[in-house]
Amino acid sequence: MSADRHLPDHYDVLAPDGSEVRILASGERGSMAHFTLPPGQTSLAVAHRTVEEVWYIEAGQGQMWRKSADAESVIELRAGLSLVIPVATHFQFRCTGNNALKAVGVTMPPWPGMDEAFQVAGKW
């Protein structure tokens with residue numbers, strides 16, 4: 001099991017979608033990270049090969065586009081919302097407010113590395 005971790009002041013990596021990622025705790029069955037997308041920014045559209053993600057919006061405002069084989073939707077992102085991004089779902093998000101969009105995401109199984117996400121055609 002990985003060591004406990006406090007939220008770092010500076011991001012650890014840029015995600016394949018372009019958001020700032022601060023790595024948090026991880027275990028054998030899942031991993032956790034904190035994402036930040038600055039005001040006015042839109043992520044690249046991506047999909048995941050093997051992980052499902054569960055997000056909790058901590059702060060800010062935005063929109064999330066998700067597209068699967070049988071459905072497509074755009075939802076408003078606000079603090080307190082939780083959502084699921086199933087395996088292979090195309091998704092893209094953007095910050096529409098004056099403050100950064102911040103979210104905590106959990107991947108199951110744990111995030112395997114940068115090759116997990118691949119770019120897809122997005123909505124924005």
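Taking a 4.5 Å side-chain heavy-atom cut-off between Ile, Leu, Val, Met, Phe, Trp and Tyr, the cluster of L14 extends to Y11. Side-chain contacts under 4.5 Å among hydrophobic residues (ILVMFWY), followed directly or transitively, place W124 together with W65, V74.
Contact of the E28 side chain with the P110 side chain is not registered, since no non-hydrogen atoms from C-beta on lie closer than 4.5 Å. A 4.5 Å side-chain heavy-atom check between V51 and P109 finds at least one atom pair inside the cut-off. At least one side-chain heavy atom of L83 sits less than 4.5 Å from a side-chain heavy atom of I75.
The line from OG of S68 to CD1 of I85 is 12.5 Å long, rounded to the nearest 0.5 Å. The NZ atom of K102 sits 9.0 Å away from atom CD of E20, with the distance rounded to the nearest 0.5 Å. Here CZ of R22 is found 15.5 Å from CE of M32. Values are rounded to the nearest 0.5 Å.
The closest side-chain donor-acceptor pair between H34 and E58 falls under 3.5 angstrom. Side-chain contact annotation: S31 with T107, donor-acceptor N/O pair under 3.5 Å present. For the residue pair T50 / E116, a side-chain donor-acceptor distance below 3.5 Å is found, with atom types taken as modelled.
The hydrophobic cluster containing F35 does not contain Y56, counting ILVMFWY residues as joined when their side-chain heavy atoms lie under 4.5 angstrom apart, directly or transitively. Hydrophobic clustering keeps L7 apart from V21 (ILVMFWY residues linked when any side-chain heavy atoms are closer than 4.5 Å, directly or through intermediates). Under the 4.5 Å side-chain heavy-atom criterion for Ile, Leu, Val, Met, Phe, Trp and Tyr, V84 and V87 are members of distinct hydrophobic clusters. No single ILVMFWY cluster, assembled from side-chain heavy atoms under 4.5 Å apart, contains both F118 and W111. Cluster annotation: F93 is connected to V13 through the hydrophobic network of ILVMFWY side chains, with a link wherever side-chain heavy atoms come within less than 4.5 Å.
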Would L101 and T36 count as a side chain to side chain contact (heavy atoms under 4.5 Å, CB included) if you check the C-alpha gap in whole Å, the side-chain angles of each, and the deciding distance to 0.1 Å? CA-CA 6 Å; L101 180 63; T36 301; over 6 Å; no

Check step by step if side chain to side chain contact (heavy atoms under 4.5 Å, CB included) holds for Q63 and E76. CA-CA 5 Å; Q63 293 179 311; E76 296 296 318; 2.9 Å; yes

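Summarising the geometry of G97 relative to P39, their closest heavy-atom pair is O-CB, 3.6 Å, with the distance given to 0.1 Å. Between S43 and Q92, the closest heavy-atom pair is O-NE2, 2.9 Å. For G105 against W55, the heavy-atom pair with the smallest separation is CA-CD1, 4.0 Å. Contact between G122 and A45 at its shortest, heavy atoms only, is CA-CB, 3.4 Å. Closest approach of I23 and D12 over heavy atoms only: N-OD2, 2.6 Å.
Crowding of N99 atom CG: a count of heavy atoms from other residues, nucleotides or ligands under 6.0 Å not exceeding 12.
Of the options R66, E72, K67, a side chain to side chain contact (heavy atoms under 4.5 Å, CB included) to T89 is made by R66 and by none of the others.
Checked against side chain to side chain contact (heavy atoms under 4.5 Å, CB included), V46 has the following partners two or more places apart in sequence or in another chain: D17, F91, A117.
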